[in-house]
Chemist: 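One structure follows; several queries about it will come next.
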Amino acid sequence: MDSFRIQGGRRLAGRIQIEGSKNATLPLMAAALCTDGQITLRNVPCLSDISNMARLLRELGVEVDGDCGTVKMRVMDHNQVHARYDIVKTMRASICVLGPMLARRRRAVIAMPGGCAFGSRPIDLHLRGMQALGAKVELNGGDIIVTAPDGLKGATIFLGGPNGSTVLGTANVMCAAALAKGRTVIECAACEPEVVDLANLLNKMGARIEGAGGPRLVIHGVDSLGSADHTVIPDRIVAGTYAVAAAVTNGDVTLDEFPYDGMLAVIDRFNEIGVHVELIGGHDDPMHGTVRVTSERILKPTQITTQPHPGFPTDLQAQFMTLLCLAGGNSIITEKIYPERFMHVAELSRMGAQIYRQGPTCVVAGGAPLKGAPVMASDLRASACLVLAGLAAEGVTDVSRIYHLDRGYTQMEEQLNALGARIERIRPREVAPALGQVVEMAASSEG
Ligand code: EPU
């Protein structure tokens, strides 16, 4: 398994461009199952999760041309309906083939995703949505079998759960309802920009979806969907991560393709902390802005509570924890989406961070200097937080298991090195050829 060796304490400066969004791309790719036409996606990031989704779609009878950049997809065979456990266990987001497959093939068999690195991840809301549209749901041998032999019928569906709405659940119900008979209302729909991007693609394909970006979606079912060409939105989590990288190194970094409009809660917290994210370009289309990130010498502590969009995203909680380790005072972070998503706390503590956790809340006592140490990545965003800590720390930090990072950041070390960081990717053969180790990539499915 690859690791990163990071020489800390270098100030970042320069300019990079934010890549396309992983979490937008995955359901957009799955939407190719909704049509016999060709779906062309542009600005697709080069990530292992995207390759896994391409592999899954190929197994489901879709011809997929390209793994990143421009990806073209067309269904060749509608007979395959089984998303097998070997793929689902490597990528939870495989669940987003459920709605498209049910809509078009009237049957979907999907291995039940298990828990993940940060706790239980139920899919009850996805299944409730499918049942409301008239599907039957059974569990057999670890597979969920969802069938609708007579087709789906529009309905009114409430998608709120104990922690708010569900992003991929909304995507699934939206795809299924787009091809159902009649009108569907989704109440408490997820409002994330990635859901809006999917609605935009489906509407280009001929769907009739109104209200995307708000909590109530109205979908008028159509008989069939056609071809479309679509450019994926930039990744707000990657954008936030690189903005934190600038801040923790007291840098001066310009980020192009910064989805400013989808990040207002994040920018609000940056302002509180004393990190300036100034929109210097793209004012007429702030989902594709250019920002300059600089920070005050002494950062201020703050409070952060993760929430569904437009609140502060859980996917930036770990990265902000690193930032708040450097603030002058106590900060409070409360995780309301995944109350167990704190695997990074123990690793940050190995680097000298003073963090006290009680249930879903952490007090971060900022100001203690971070010191380089060997640390282990446990999931995608926790890995990013450790790399950021390595950039800010004195000395050398080795972050192991960075295959997690490759799921969500395209060549992060190259991007950060272009800004002046010193990060070396160490491959197992380079580390221990004499041991003749064969190291398998562990299964991971938190995305
Ligand atoms: N939930 C339920 N029942 C369900 C589904 C979800 O109770 O049927 C709960 C979850 O346990 C959680 C909350 O609802 O507390 C929100 O989960 P959601 O379903 O929205 O998560 P998701 O759609 O499976 C996506 C992202 C995650 C991101 C979450 C929340 C993708 C591929 N994944 O997951 O991204 O954390 O939304 O914003 O879009 C990541 O990129 O690192 C990542 C984990």
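Each ligand, and each atom within it, is numbered from 1 in the order the structure gives.
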Chemist: Step by step, would you call Arg42 with Asp229 a salt bridge (Lys or Arg N to Asp or Glu O under 4.0 Å)?
Modeler: CA-CA 8 Å; Arg42 302 179 193 275; Asp229 189 318; 2.7 Å; yes
Chemist: Are Ser165 and Val167 packed together at the side-chain level, in the sense that at least one heavy-atom pair is separated by less than 4.5 angstrom?
Modeler: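 Counting from C-beta outward, Ser165 and Val167 never come under 4.5 Å.
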Chemist: With heavy-atom distances below 4.0 Å as the criterion, list the atoms of ligand 1 near His126.
Modeler: 8 (O)
Chemist: Show the atoms of ligand 1 that are less than 4.0 angstrom away from any heavy atom in Arg121.
Modeler: 22 (P), 24 (O), 34 (O)
Chemist: Can you tell me if His309 contacts ligand 1 (heavy atom of the residue under 4.0 Å from the ligand)?
Modeler: no
Chemist: Is Leu26 close to ligand 1, meaning an N/O of one under 3.5 Å from an N/O of the other?
Modeler: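 There is no such contact.
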Chemist: Does some non-hydrogen atom of Ser165 fall short of 4.0 Å from ligand 1?
Modeler: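 Yes, Ser165 has heavy atoms under 4.0 Å from ligand 1.
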Chemist: Hey, is the main chain of Gly359 close enough, under 3.5 Å, to the side chain of Arg357 for a donor-acceptor pair?
Modeler: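 It does hold such a pair.
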Chemist: May I ask you to decide if the ring planes of Phe312 and Phe320 are parallel, tilted or perpendicular, using 30° and 60° as cut-offs?
Modeler: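 Rings of Phe312 and Phe320: perpendicular, as their planes differ by over 60°.
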Chemist: Could you say whether the N/O atoms of Leu380 and ligand 1 ever approach to under 3.5 Å?
Modeler: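 By distance alone, the answer is no.
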Chemist: Could you walk me through whether Glu414 and Arg425 pass salt bridge (Lys or Arg N to Asp or Glu O under 4.0 Å), step by step?
Modeler: CA-CA 9 Å; Glu414 289 186 14; Arg425 180 183 287 256; over 6 Å; no
Chemist: Check the SG atoms of Cys34 against those of Cys175: under 2.5 Å or not?
Modeler: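 Judged by the SG atoms alone, which are 2.5 Å or more apart, Cys34 and Cys175 are not bridged.
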Chemist: With a cutoff of 4.0 Å, is Pro313 in contact with ligand 1, counting heavy atoms of the residue only?
Modeler: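 No, Pro313 has no heavy atom closer than 4.0 Å to ligand 1.
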Chemist: Would Glu192 count as a polar contact of ligand 1, with the cut-off being nitrogen or oxygen pairs under 3.5 Å?
Modeler: no
Chemist: Output the list of atoms in ligand 1 that are nearer than 4.0 Å to some heavy atom of Val167, sorted by atom number.
Modeler: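 Near Val167, meaning under 4.0 Å from one of its heavy atoms, ligand 1 has 18 (P), 19 (O), 20 (O), 23 (O), 37 (O).
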Chemist: Examine distances only and state if a side-chain atom of Arg407 and a backbone atom of Ser48 form a donor-acceptor pair shorter than 3.5 Å.
Modeler: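 No: the side chain of Arg407 does not pair with the backbone of Ser48.
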Chemist: Could you list which atoms of ligand 1 come closer than 4.0 Å to a heavy atom of Ile123?
Modeler: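 Matching atoms, with element in brackets: 4 (C), 8 (O).
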Chemist: Could you see which bit of Thr314 sits under 4.0 Å from ligand 1, with heavy atoms only: side chain, backbone, both or neither?
Modeler: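 Just the side chain.
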Chemist: Which atoms from ligand 1 have a heavy atom of Arg341 less than 4.0 Å away?
Modeler: 36 (O), 42 (O), 44 (C)
Chemist: Do Leu168 and ligand 1 have an N or O pair less than 3.5 Å apart?
Modeler: yes
Chemist: May I ask which of Pro162, Pro122, Ala24, Ala384 has a heavy atom nearer to atom 5 (C) of ligand 1 than the others do?
Modeler: Pro122
Chemist: Passes salt bridge (Lys or Arg N to Asp or Glu O under 4.0 Å), Asp315 versus Arg341? Steps please.
Modeler: CA-CA 10 Å; Asp315 293 342; Arg341 194 178 199 177; 2.7 Å; yes
Chemist: Determine, considering heavy atoms only, which of Asp49, Asp315, Asp124 sits nearest to atom 35 (O) of ligand 1.
Modeler: Asp315
Chemist: With the threshold set at under 4.0 angstrom, would you say Ala93 reaches ligand 1 through any of its heavy atoms?
Modeler: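 Distance cut 4.0 Å: Ala93 passes for ligand 1.
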Chemist: Looking at Thr147 and Pro149, would you say the former's side chain and the latter's main chain have a donor-acceptor pair under 3.5 Å?
Modeler: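 No: the side chain of Thr147 does not pair with the backbone of Pro149.
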Chemist: Asp36 vs Arg74, test: salt bridge (Lys or Arg N to Asp or Glu O under 4.0 Å). Steps then yes/no.
Modeler: CA-CA 6 Å; Asp36 287 336; Arg74 186 189 285 273; over 6 Å; no
